[in-house]
Amino acid sequence: MIPVRTRPSPGARLRSLSCVAAAAVAVATLSPAPASAVTIASTISYETIVSHDGTELKAKVITPTGAEGPRPLLVMPSAWATPHILYVGAAKKLAEQSGYQVVAYSSRGFWDSGGGIEVAGPEDRADASAVIDWALENTEADADRIGMAGISYGGGISLLTAAEDDRVKAVGSMSGWADLEASLYPNETIDVQSAELLLLAGNLLGTPGEALKEMEREYRRGNIDPILEMAPDRSAATKVDQINANGTAVMMAHGWNDGMFPAAHIADFYEELSGDKRLMLTPGDHATPEAFGAVGLPNEVWEDLGRWFDHHLKGEDNGIDAEEPVRVKPNNGNGAWTSHADWPSVTAGTDEYYLDRPSTSWLRWQSSGAMEAEPATGWNYGFRTGIGTTARSGTVILSGALQQFFDVPTGVLLPTVDRYRAAVWTSPAYPDGVRVAGVPEVTFTVTPTTADQSVFVYLYAINAHGTGSLLSHAPYTLRDAVPGEPVTVETEMSSVVWDVPAGHRLAVVVDSRDLRYDSESRIGNRVTVTSPEENPTKVTIPLG
């Protein structure tokens, strides 16, 4: 690989189980209340809320005692396949320490609520507004101080409701989504593990509505058009102008390894918001960074969320508005949080490398010592498709949780990657180490032998023994390509902040199968990677 130049970046550039309910309530009382707390206890009641179409929604209503109303209101829709009890620990702390009136409800179609699962459709957003109506009529909630928060499905519904109901002044979305198509169909590749997990949980723990039934029927037949057709209406990214017009203060928290809703599209959505906003990116997979906080245990995400609501709903001058709003923690090691003015500022600069021809042996990222070296072009390299290699993106939820809690990354032993079924490039060692921070990008040209062909790109940090840790990856499927004609692939990989240790290298692997995704690669086919003069093969590494 030939180093080309270093340039400044643009802009400086669980689910929870019902059996934990009693423990959650008990744990929630262990942390001492701050000096500003005005309440010392709360009551919890089980209520039935009749929604806009007569559907009965079941809710836990947590009411603080010891202070007169009206009180700021927090509405919390449950996550996919979970009941309202998911939030009882966190809700109890918010009620007792900060005086919030909290209504946590089971989303339509799940557990004790009626109706069918509508996948955050119009009915679900109308449900959230109906819960707000009920709270204003039946509790001492303040109509001018309303917030919504949730994990995963609850976070997505909260964002979508804020776009349609201007009474919602502040939102906390944890492990939610902004663009459903980008999440479940990245680069026209089906995220099969996420799809199967969502369908399994929905069928086992809920009652699918007609929309979900149709989507599953067609998905089983290989037709994802119904999913793509419903995605825009269920994506906050298409409603960002409405959120901005309503002036909603939005806080989002996400795990780097979120296998269902990748962090990259969350950062893109965050940059489109024009009002008060905050973004936290931390080690973890889907819902794992904030799971323990939901049951009332100490948790950095929930602590920041409490400060967010205290400022925007209670008017407290707690300094959160003066802090740099983007907070990131490296996905490996024990690195501390760093704060940034915006998402592009996470990246301080970029290294761009041209890639020379791979071979069946280890290759270096060819280094001539020239900062403006000519790209290596004209080469071609073919590999067989249809059988995976030891390179992989991991398993949804499990892999990210292992990284978060045990610092065990999704790994690879690079010498075992079959060079007849993959293209591999490795860099020189970084003698002092380096922080990779932002969105890696790759460009390469492939010539498929079939009309539909999937390729998977991985970025690893490799130690002296050839053992690698996965930093980032991207799926990419060529649709309706002309067999035998080259196609240039330009794609961003997943967002990352990773501290590469001194003496380690980086490696790029391209192969044709990954168990997380549905692959269009077939045994017996072949892909040829080339580096034409007009589009030389290269990788861009963002640096912190």
Side-chain angles (χ1 to χ4, degrees), residues 38-39 42 45 47 49-52 57 59-64 67-78 84 87-88 90-108 120 122 124-151 153-174 176 236 239-240 242-253 273 275-278 302 304-316 318 320-321:
V38 295
T39 59
S42 63
S45 62
E47 305 288 349
I49 299 173
V50 179
S51 191
H52 61 102
L57 306 174
K60 281 287 190 296
V61 178
I62 300 91
T63 302
E68 296 182 357
R71 305 182 181 95
L73 171 66
L74 292 181
V75 172
M76 297 183 175
S78 70
H84 47 67
Y87 303 118
V88 167
K92 185 174 174 64
K93 291 177 73 172
L94 286 163
E96 295 184 356
Q97 295 182 5
S98 299
Y100 289 101
Q101 175 67 63
V102 185
V103 181
Y105 68 96
S106 299
S107 297
R108 170 184 293 253
D124 294 292
R125 284 108 70 179
D127 286 346
S129 292
V131 171
I132 292 173
D133 293 339
W134 182 92
L136 294 178
E137 293 174 4
N138 294 276
T139 73
E140 294 186 67
D142 188 339
D144 295 323
R145 298 186 292 167
I146 298 173
M148 289 188 66
I151 295 173
Y153 195 52
I157 290 175
S158 296
L159 282 173
L160 290 165
T161 303
E164 300 177 3
D165 191 331
D166 61 7
R167 295 177 298 178
V168 180
K169 305 302 181 186
V171 164
S173 177
M174 297 166 282
K239 305 171 188 292
V240 66
Q242 296 163 255
I243 295 174
N244 290 337
N246 290 340
T248 311
V250 177
M251 174 178 160
M252 292 184 292
L273 294 169
D276 291 336
K277 56 186 179 179
R278 189 172 184 84
W302 280 93
D304 261 24
L305 184 64
R307 295 174 62 223
W308 186 252
F309 285 133
D310 286 348
H311 177 74
H312 290 285
L313 298 184
K314 297 175 63 181
E316 288 190 4
N318 56 17
I320 198 168
D321 57 319

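As the structure is a computational prediction, the values presented were derived from the model and not from experiment.
With hydrogens and angles ignored, the 3.5 Å screen pairs no side-chain donor or acceptor of Lys314 with any backbone N or O of Gly99. A donor-acceptor contact shorter than 3.5 Å is absent between the side chain of Asn246 and the backbone of Thr248. Put simply, the side chain of Ser107 gets close to the backbone of Ser78: a donor and an acceptor are under 3.5 Å apart.
Residue pairs meeting the salt bridge (charged side-chain N to carboxylate O under 4.0 Å, His left out) criterion with at least one partner in residues 155-165, sequence neighbours excluded, are Arg125-Glu164, Glu164-Lys239, Asp165-Arg167.
Taking CD of Gln97 as the start and NZ of Lys92 as the end, the distance is 10.5 Å to the nearest 0.5 Å. Distance check, rounded to the nearest 0.5 Å: NZ of Lys93 to OG of Ser98 gives 10.0 Å. Put simply, CZ on Arg145 and CZ on Arg71 are 10.5 Å apart, with the number rounded to the nearest 0.5 Å. Here the straight-line distance linking atom OG of Ser173 with atom CE of Met252 works out to 7.0 Å at 0.5 Å rounding.
Within the 4.5 Å cutoff, the side chain of Lys277 has no heavy atoms near those of the Ile243 side chain. Looking at Met76 and Ile62, their side chains never come closer than 4.5 Å, going by heavy atoms from C-beta outward. Trp308 has its side chain out of reach of Leu313: every pair of non-hydrogen atoms, C-beta onward, lies at least 4.5 Å apart. Residues Trp134 and Leu57 form no side-chain contact, since every pair of their non-hydrogen atoms from C-beta on lies 4.5 Å or further apart. Contact annotation: the side chain of Asp310 approaches that of Tyr100 to within less than 4.5 Å [non-hydrogen atoms, C-beta and beyond]. Contact annotation: the side chain of Glu47 never approaches that of Tyr105 to less than 4.5 Å [non-hydrogen atoms, C-beta and beyond]. You'll find the side chain of Asp321 stays beyond 4.5 Å of the side chain of Asp276, heavy atoms only.
Asp304 and Arg278 get closest at one heavy-atom pair: OD2-NH2, 3.0 Å. Thr161 and Ser129 make their closest contact through CG2-OG, 4.1 Å (heavy atoms, listed as atom of the first residue, atom of the second, distance). Listed here is the closest heavy atom pair of Gly275 and Asn244: N-OD1, 4.1 Å. When all heavy atoms are compared, the tightest approach of Pro64 to Ala95 is CB-O, 3.3 Å. Closest non-hydrogen pair, Ile49 versus Ala130, comes out as CG2-O, 4.3 Å. Contact record, Gln101 with Thr63: NE2-OG1, 3.0 Å, taken as the closest heavy-atom pair.
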**OP:** Please step through side chain to side chain contact (heavy atoms under 4.5 Å, CB included) for the pair Leu73 and Asp142, ending with a clear verdict.
**Re:** CA-CA 6 Å; Leu73 171 66; Asp142 188 339; over 6 Å; no
Subject >> Verdict with reasoning, Tyr87 to Val102, per side chain to side chain contact (heavy atoms under 4.5 Å, CB included) >> reply: CA-CA 10 Å; Tyr87 303 118; Val102 185; over 6 Å; no
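Residues meeting the salt bridge (Lys or Arg N to Asp or Glu O under 4.0 Å) test with Asp127, sequence neighbours left out: Arg108.
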